[in-house]
Structure formats: C-alpha cells, structure tokens
2 protein chains.
Amino acid sequence: MNVHEAIQCLKKNGFKQTDKREDMLQLFADSDKYLTAKDVFDQLKEYYPGLSFDTIYRNLALFENMGILEMTELSGEKHFRFTCAGHQHHHHFICLECGKTKEIDSCPMDGLMENLKGYDISGHKFEIYGRCPNCVE
Amino acid sequence: MNVHEAIQCLKKNGFKQTDKREDMLQLFADSDKYLTAKDVFDQLKEYYPGLSFDTIYRNLALFENMGILEMTELSGEKHFRFTCAGHQHHHHFICLECGKTKEIDSCPMDGLMENLKGYDISGHKFEIYGRCPNCVE
DNA sequence: ACGTTAAATCGGAATGATTCTTAAAATTAA
DNA sequence: TTAATTTTAAGAATCATTCCGATTTAACGT
C-alpha cells in the first residue's frame with residue numbers, strides 16, 4: 001500500500017481527493033511509525049495554518065475504515081500507521097519513545113528475543129477478544 | 001492473592017485500611033472480570049451514596065501500583081482485574097460482552113484455538129513495547 | 001478513651017482526547 | 001456552469017480521567 005493506491009482506494013469508494021488527505025497519507029507513507037492525531041496535526045499545521053483537528057480525526061477514522069491505516073491504543077491515545085497488507089500475519093514492536101515499529105513475523109514471545117537484539121523491551125501485550133460461551137448462547 | 005493479602009500489602013506499605021478499599025477489593029475478588037472505574041463506582045455507590053469518582057480512580061491506581069490489580073486498556077477505557085500472581089506467565093481471553101476472562105497458558109496464537117472451543121474470537125492483540133536501538137543510545 | 005497527624009474522601013472544577021454541529025467553501029459529475 | 005455532494009473551519013459538547021481545596025477519618029501515642 002502506498003499513497004497512490006490509498007488515493008485510488010478512496011476514489012473507488014466515492015471519496016474525494018484533497019491536498020490534506022494526500023499530505024496525511026504521505027506522512028504515514030514516509031515513516032514506519034505509529035502517529036497520534038496530534039502528531040499529524042503538528043506536522044500539517046505549518047502548511048495549513050487554519051487546519052482543524054476535526055479534519056485530522058475525520059480522515060484518520062476514514063482511512064482506518066478503508067483499511068488504509070491500522071490503529072492501536074497506547075496510554076489512552078489512538079495511534080495509527082499504514083496497514084501492512086499483503087504480508088503474512090504479524091505483530092509489531094513499538095518504540096515507546098519515537099513510535100517506530102519493527103515487524104515481528106512470529107507470534108509467540110518464546111524465542112522472540114533473538115529477533116530483537118539491541119532493543120530494550122519493557123513489556124508486551126497479547127490479548128484475545130470475542131465472546132465467551134455464555135455470551136455466545 | 002485475596003482481599004486479606006491485599007489489605008496486608010497496603011498496610012505494610014503505610015496505606016490505611018478503609019471500608020471503601022475493602023469493598024473495592026472484594027468486588028474484584030468475587031469475579032474474574034475486568035472492571036472499569038465506572039463498573040466499580042456503580043456497584044459501590046448504592047452502599048456509599050456520597051461516593052466520589054476520585055476515590056475510585058485513586059484507589060484503582062494505588063492497587064495497580066501495589067501490584068494488586070492489573071490493568072489493560074480496551075476501547076479507550078482502563079479495565080482492571082485481580083493480578084494472577086504465582087502462576088506461570090500467561091495471557092487472558094477477555095469477553096467483550098461481559099468482561100469475563102479465561103487464562104491462556106501459552107503465548108502464541110498458533111495452536112491456540114483448541115483451548116478456546118465454544119468461544120467466538122473476533123480479534124487479538126499482541127504488541128511488544130520498549131525502546132528501539134536508536135532510542136537506547 | 002483522647003488528641004494529633006498524616007492520609008483518605010468529597011464535590012466540583014479542570015483537563016485532554018475525541019466527536020459533534022453548523023454554516024460556508026470546495027469538489028465532482030453531468 | 002450548475003446542482004448535488006463532500007469537506008472544511010471554528011467552536012461547542014462529550015467522556016474518561018485527574019486535579020484541587022476543604023472536610024473527614026484511620027492509625028498511633030499519650
């Protein structure tokens with residue numbers, strides 16, 4: 001997925017191409033970081049002095065719905081990054097300082113450390129969501 | 001870990017025993033569910049009409065710091081449950097409908113479904129946090 | 001039991017991220 | 001170009017959570 005494909009995806013679904021959407025998408029395309037709405041806002045507002053937060057939030061939600069961005073919640077804030085489509089199922093290491101990510105191709109923690117030499121691991125989260133047998137009935 | 005042990009842990013660290021703390025802990029001890037601050041508030045306010053949210057939040061944070069409760073963030077809200085101490089490292093299945101949890105003793109998703117017959121799995125999260133090599137320097 | 005003192009609680013105000021609202025402006029399709 | 005639709009700006013509203021000043025309570029020594 002790149003900016004061009006993302007724009008095509010939007011157009012195909014009847015959404016319009018705008019400068020701000022392009023710039024937002026370019027931001028994500030240029031980095032493998034998870035970004036918050038504020039991160040995006042701060043970087044765009046120098047080009048768009050009157051930029052509104054609403055524009056950022058609306059488009060982030062749109063991009064997520066389209067599958068262009070993927071979202072995770074970290075310490076109470078939503079963080080977004082370009083979807084890693086086409087790959088096998090994988091997870092991410094997320095740097096809590098700079099937001100940079102690294103793909104983790106295997107799923108378990110076991111035997112994982114060898115893929116993360118040089119990283120300082122402070123924690124991890126693995127949770128499964130759904131409905132329990134009681135609630136399924 | 002039970003209510004008594006939790007209270008002892010508090011006292012040992014110079015915190016006081018109060019009715020509200022006991023009742024909060026009892027709530028968690030009585031269920032294997034993740035509860036939000038609001039869940040706790042709603043259940044306690046019928047016994048303590050003048051109960052303040054601040055009391056709930058302050059004590060939840062205290063319990064988490066003491067290692068009595070463990071916390072996870074789910075759709076923008078903090079959810080707490082009694083810490084599963086003494087066990088081997090494990091994860092939880094969390095029912096999005098009732099909050100009930102089930103221990104998952106293994107870590108990978110691979111070969112996990114056999115432990116979850118009857119469950120309707122809608123998603124899972126596995127993320128590793130820390131500092132990347134750049135930020136470690 | 002009583003008084004002291006630090007800690008806990010209360011009630012409400014403040015915060016911060018996110019969403020909603022309204023009217024104006026911009027874009028697309030015909 | 002025009003009409004219909006979408007997007008935008010600006011600010012108000014919302015929701016969970018935290019902060020604050022004043023009051024109450026638990027723990028401890030007398």
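Proteins get letters first, then strands, A, B, ... in listed order; numbering begins at 1 in each. Because the structure is predicted, anything quoted here is derived from the model rather than measured. Heavy-atom basis, side chains included; hydrogens, waters and symmetry copies ignored.
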- About how many Å separate CD of B/E73 and CD of A/E77, when rounded to the nearest 0.5 Å?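 It is 9.5 Å, given to the nearest 0.5 Å.
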For [X] and [Y], indicate whether the former's side chain and the latter's backbone hold a donor-acceptor pair under 3.5 Å.
{"X": "A/D39", "Y": "A/T36", "result": "yes"}
{"X": "B/T72", "Y": "B/H79", "result": "no"}
{"X": "B/T101", "Y": "B/I94", "result": "no"}
{"X": "B/E22", "Y": "B/D19", "result": "no"}

- Mind listing the residues from residues 24-41 of chain A sitting with a heavy atom below 4.0 Å of DNA chain D? Number order is fine.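 The stretch gives none, as no residue of it lies under 4.0 Å from the strand.
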- Message: Tell me whether the rings of A/F80 and A/F28 are parallel (<30°), tilted (30 to 60°) or perpendicular (>60°).
- Response: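 Perpendicular: the ring planes of A/F80 and A/F28 meet at over 60°.
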- Message: Judged by each residue's nearest nucleotide on DNA chain D, which is more toward the 5′ side, A/G14 or B/G76?
- Response: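 The 5'-side residue here is A/G14.
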Do [X] and [Y] have side chains that get closer than 4.5 Å, going by heavy atoms?
{"X": "B/Q17", "Y": "B/L10", "value": "no"}
{"X": "A/F63", "Y": "A/M71", "value": "no"}
{"X": "B/M66", "Y": "B/N13", "value": "yes"}

- Message: Return whichever of A/A61 or B/L51 has its heavy-atom-nearest nucleotide of DNA chain C closer to the 5' end.
- Response: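 Of the two residues, B/L51 wins.
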- Query: Given that B/S52 and B/F15 both sit by DNA chain C, which one's nearest nucleotide is further toward the 5' end?
  - Reply: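 Per heavy-atom nearest nucleotide, the more 5' residue is B/F15.
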Between [atom2] of [N] and [atom1] of [X], the distance in whole Å:
{"X": "A/H79", "N": "C/dA17", "atom1": "NE2", "atom2": "P", "result": "10 Å"}
{"X": "B/L10", "N": "C/dA8", "atom1": "CG", "atom2": "C1'", "result": "12 Å"}
{"X": "A/L74", "N": "C/dG16", "atom1": "CG", "atom2": "P", "result": "19 Å"}
{"X": "B/E77", "N": "C/dT18", "atom1": "CD", "atom2": "C1'", "result": "14 Å"}
{"X": "A/K20", "N": "C/dA25", "atom1": "NZ", "atom2": "P", "result": "14 Å"}
{"X": "B/F53", "N": "C/dA13", "atom1": "CZ", "atom2": "P", "result": "16 Å"}
{"X": "A/D54", "N": "C/dT19", "atom1": "CG", "atom2": "P", "result": "9 Å"}
{"X": "A/D19", "N": "C/dA25", "atom1": "CG", "atom2": "C1'", "result": "14 Å"}

- Check every nucleotide of DNA chain D for an atom under 4.0 Å from a heavy-atom of chain A, then give the first and the last such nucleotide from 5' to 3'.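 Both ends considered, the range comes out as D/dT5 to D/dA10.
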- Query: So what does A/K11 hit on the nucleic acid, given a heavy-atom distance under 4.0 Å: a base, only sugar-phosphate, or nothing?
  - Reply: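 Contact class for A/K11: none.
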- Query: With a 4.0 Å cut-off on heavy atoms, is B/R21 in touch with a base, just the backbone sugar-phosphate, or nothing at all?
  - Reply: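 Result for B/R21 = sugar-phosphate.
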- Task: For the side chain of A/K16, starting at C-beta, report the closest nucleotide among C/dC10, C/dA7, C/dT27.
- Result: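 Among C/dC10, C/dA7, C/dT27, the one nearest the side chain of A/K16 is C/dT27.
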